[in-house]
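As structure tokens, the structure follows; a few thoughts come after it.
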Amino acid sequence: MLFSFVTKWAVKRLLKKRTGGGFRSVEETQRVVLLAQGKDMGGIVAGIQELVECGLKVTLVVESRHKHNIPVAIPGCYPILRVRKDWLLNRPTNEFLQSFDNNDGDVLLDISTDRSLSLAYLVARSRAEFKIGVPKDEDNPFDLQILMPKPVSHEVTDDEPSDAKKSDRNSVNLLHDALFYWKKIGAKENNL
């Protein structure tokens, strides 16, 4: 974490070198790389199954502090990679990057909702032709941007349940919206 500025500089440099990606429909795609955070793993298994039902191979990359947040196996999803970080640079280790490069896909789908320098580095490094995700910085690497509503914070009264503070900004909704729009755009282009 001491030299995080070096990783931020590397992300900016990788984004400048990136050539404009083209659209890749669901039917043309063979492998999807799905970036997620460990806290959101509980609800995204159904979305992964929807990707698998479309005939896609899924590489799941999870940033998590604890191994128990990551499932051992998900049907149709192989491999499941846990991000290993270099503590000094706050970026993925070279061994992890080698594994990530070997399992990179045609489409990258970032369903993380919180800022993460490690995941931003992976998004910038990926050779995927088409990238989908929520913009989190001024440097936006995504070809298809899913905009999520800002969390609404209001006082919870005794009459309202404690769930009222929860926001619609979560990975499950993001994955659902990304798949919906990706399929619709592909269907529209095929009908032209």
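These numbers come from the heavy atoms of this one structure, side chains and all, not from hydrogens, waters or symmetry mates.
Within the 4.5 Å cutoff, the side chain of L60 has heavy atoms near those of the M41 side chain.
Each of I80, V32, L81 was scored for a side-chain contact (heavy atoms from CB on, under 4.5 Å) with T59, with one residue passing: L81. For the pairing with R125, the side-chain contact (heavy atoms from CB on, under 4.5 Å) check across D104, D101, L15 returns one residue only, D101.
How far CZ of F96 is from CZ of R82: 10.0 Å, rounded to the nearest 0.5 Å.
Hydrophobic clustering, with ILVMFWY side chains joined whenever heavy atoms are under 4.5 angstrom apart, groups Y121 together with L35. Both V52 and W182 belong to a common hydrophobic cluster when Ile, Leu, Val, Met, Phe, Trp and Tyr are linked at side-chain heavy-atom distances under 4.5 angstrom. Taking hydrophobic clusters as Ile, Leu, Val, Met, Phe, Trp and Tyr residues chained together by side-chain heavy-atom distances below 4.5 Å, V123 shares a cluster with V61. Using a 4.5 Å cut-off between side-chain heavy atoms of Ile, Leu, Val, Met, Phe, Trp and Tyr, with links allowed through other members, L122 and V62 fall into different hydrophobic clusters. Residue L108 is not grouped with residue I111 when hydrophobic side chains (ILVMFWY) are merged at heavy-atom distances under 4.5 angstrom, including chains of intermediate members.
In terms of heavy-atom proximity, S118 sits nearest to R91 at OG-CA, 4.0 Å.
Residues forming a side chain to side chain contact (heavy atoms under 4.5 Å, CB included) with Q145 (at least two apart in sequence, or on another chain): P135, N140, F142. Under the rule for a salt bridge (charged side-chain N to carboxylate O under 4.0 Å, His left out), E28 has no partner lying at least two apart in sequence or in another chain.
Between the side chain of R84 and the main chain of N94, no donor-acceptor pair closer than 3.5 Å is present.
Identified under the salt bridge (charged side-chain N to carboxylate O under 4.0 Å, His left out) test for residues 29-41, with sequence neighbours left out: K39-D114.
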